[in-house]
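Input: a single structure, listed below in structure tokens.
Order of appearance sets the numbers: ligands from 1, and atoms from 1 within every ligand.
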Amino acid sequence: MDVIHLKGGLPLHGRVAAGGAKNAALPIFAATLLTDEPVTIENVPDLSDIRFMAQILEHLGASVERKDAHSWVIQAASVESLAPYELVRKMRASVCLMGPLLGRLREAVVSYPGGCVIGPRPIDLHLKGFARLGCRVEVRGGYVHLDGQDLHGEAVFLGGRHGSTALGTANVLMAAVLAPGVTRIESAACEPEIVDLCHLLQAMGAKIEGVGGHALRIEGVEKLHGCTHRIIPDRIEAGTFLLAAAITQGDVTVAGARRQDLASLVDKLAEAGADLSFPDEDTIRLRAHGRAFNPVDVITLPHPGFATDLQAQMCALMTLAPGLSIVTERVFPNRFMHVPELQRMGADIAIEGASAIIKGRPALSGAPVMASDLRASAALVLAGLAARGETWIQRIYHLDRGYERIDRKLIPLGAEIERLPESAMPKELIGEEA
Ligand code: EPU
């Protein structure tokens with residue numbers, strides 16, 4: 001296993017580009033099961049999660065061809081309805097195979113996903129949505145059995161305790177595009193990744209109205225066809241680079257940063273004192289002018305609120321903002337695995353319920369730390385870039401699930417970061433495996 005080794009304290013300067021969005025690509029890969037014609041997908045990030053999804057599609061009978069590092073052609077001439085535990089357990093997002101299998105085959109048997117380190121991950125809203133569309137839903141032996149012989153359009157309300165559901169919306173949408181009649185999804189998620197999925201489905205011949213809003217109207221069609229689709233840039237990767245510029249008090253221009261997708265982060269960064277400019281709609285430049293940031297309060301919410309996937313990185317920035325800031329999680333209330341590791345680097349953070357209360361300090365100090373999940377890992381990279389001294393991050397396979405070679409993208413900006421085999425790490429610093 002590899003580790004990341006950083007020497008912190010250098011302001012980042014220059015230009016960097018975000019790749020394609022992981023959370024758009026995953027449901028879009030699943031959506032290729034809705035047609036027997038080939039679908040070409042471009043600007044796909046080169047990530048372990050994407051490779052897992054490709055393996056699952058192959059297992060289900062699709063032919064999956066990788067044309068180059070970032071383009072794939074998938075053709076599901078025939079499809080099987082069973083997605084087994086040993087594949088699904090590797091990646092929670094495989095839950096979004098249910099909708100396409102149901103739409104295409106009128107039946108699906110998909111392993112029930114487990115929770116994960118960011119907290120419980122229920123799928124009650126997905127299943128409620130399928131049931132509303134006339135599907136029989138049964139959980140048996142750890143599998144969700146879906147019988148959709150009577151699948152048809154209906155009104156479906158998808159709001160839950162924590163607001164809308166991204167993959168739940170994707171799932172119901174993908175079943176509905178091939179269900180006879182009209183489906184109306186109320187309280188639909190409007191994340192840019194869901195909008196991207198709608199655009200792909202429309203290019204395949206689906207009839208969807210209200211794209212980008214909370215009320216979607218879908219008129220089922222009999223058949224969908226192949227198409228070519230380009231994945232949107234990853235707003236979370238772009239946001240992570242902006243926060244890297246901020247925490248190192250640097251000057252970085254991020255391409256693939258669509259302003260409308262990052263409005264809540266831009267707003268908070270401006271409130272915290274960043275000098276932001278927008279050379280074009282897809283590019284954001286952040287200049288910190290060598291100053292620390294002001295503390296700000298942040299609440300995560302479904303889009304267009306502040307993204308939960310940027311919460312850990314924002315916490316890292318606030319550890320160096322002199323004063324008090326409160327970061328509250330409304331989407332995944334237990335998503336604070338990064339906090340104990342940031343504390344090991346000298347951060348002053350207390351957790352109170354679903355909030356992190358952060359007292360900004362003048363500096364962090366480098367330390368050996370453990371990545372626990374994808375975005376927590378990104379927060380540790382940011383903290384390590386700003387900290388005095390050396391930071392070693394273990395278990396970076398979490399980072400590789402969602403960031404394509406982040407180390408190689410940060411080096412041209414002036415970061416001292418390297419990926420090394422764990423054997424290169426001083427023995428006395430190696431953390432215990434849980
Ligand atoms: N929820 C329910 N019932 C459901 C579904 C969700 O109560 O049936 C709750 C969840 O527990 C949570 C909230 O609704 O409190 C929102 O969850 P959502 O369903 O939107 O999350 P998701 O679709 O499973 C996607 C991303 C996550 C991202 C969330 C929120 C993918 C593959 N995953 O998950 O991304 O945090 O939306 O924006 O798209 C990541 O990339 O690091 C990541 C975790």
Original post:
Which word best sums up how the rings of Trp72 and Phe29 line up, parallel for under 30°, tilted for 30 to 60°, or perpendicular for over 60°?
Top reply: perpendicular
**OP:** For Leu382 and Ala244, work out which heavy atoms get closest and say how close.
**Re:** CD2-CB, 3.5 Å
Subject >> Side-chain heavy-atom pair Lys207, Ile218 within 4.5 angstrom cut-off >> reply: no
Subject >> Non-neighbouring partners of Arg258 that pass salt bridge (charged side-chain N to carboxylate O under 4.0 Å, His left out), sequence neighbours left out >> reply: Asp261
Subject >> Polar side chain donor-acceptor pair, Gln343 to His338, under 3.5 angstrom >> reply: no
**OP:** Find the distance between CZ (Phe332) and OG1 (Thr300) and round it off to the nearest 0.5 Å.
**Re:** 9.0 Å
Original post:
Exactly which residues line ligand 1, taking a heavy atom under 4.0 Å from it as the test?
Top reply: Lys22, Asn23, Arg92, Ala93, Ile118, Pro120, Arg121, Pro122, Ile123, Asp124, Leu125, His126, His162, Ser164, Thr165, Ala166, Leu167, Thr308, Asp309, Val331, Phe332, Arg335, Leu374, Arg375
